[in-house]
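Beneath this line is the structure, given in structure tokens, with notes to follow.
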Amino acid sequence: MSINAVGFALPDARGNYAGLDVDACRAVAAAVLGDADKVRFVPTTTQVRFTALQSGEIDLLVRNTTWSMGREVRSASPSPR
């Protein structure tokens, strides 16, 4: 999640996040896990977001990530030998 994005994900003085991205994460946690508070926010950068997802460090990317045919094709292609 991108942090310090006013309106999307911004921690307060106590370190509690608020914003649209935060609400989306909590909604997924409530739907999948039955508890909106079972979420851990992991700040990432554009450069490492897919690595964090592929490694299992994170389970969900919110905002700044879109599906694209090019990315889908590259990830499905076999590795060159």
Can you list the steps and then say if D37 with R26 is a side chain to side chain contact (heavy atoms under 4.5 Å, CB included)? CA-CA 7 Å; D37 292 325; R26 291 191 192 286; 3.6 Å; yes
Y17 and L10: side chain to side chain contact (heavy atoms under 4.5 Å, CB included), yes or no, with the steps? CA-CA 5 Å; Y17 285 93; L10 188 67; 6.0 Å; no
For E57 and R40 the tightest heavy-atom approach is O-NH2, 3.7 Å
So, applying side-chain contact (heavy atoms from CB on, under 4.5 Å) with R49, which one of T45, T46, T51 is it? T46
Hey, quick one: are L61 and V42 part of the same hydrophobic cluster, counting side-chain heavy atoms closer than 4.5 Å, chains of contacts allowed? yes
When clusters are formed by joining ILVMFWY residues with side-chain heavy atoms under 4.5 Å apart, either directly or through shared neighbours, do V48 and F50 land in the same one? no
Can you check side chain to side chain contact (heavy atoms under 4.5 Å, CB included) on L20 and V22, steps first, answer last? CA-CA 5 Å; L20 186 62; V22 174; over 6 Å; no
Drop me the distance from D59's CG to L53's CG, to the nearest 0.5 angstrom. 8.0 Å
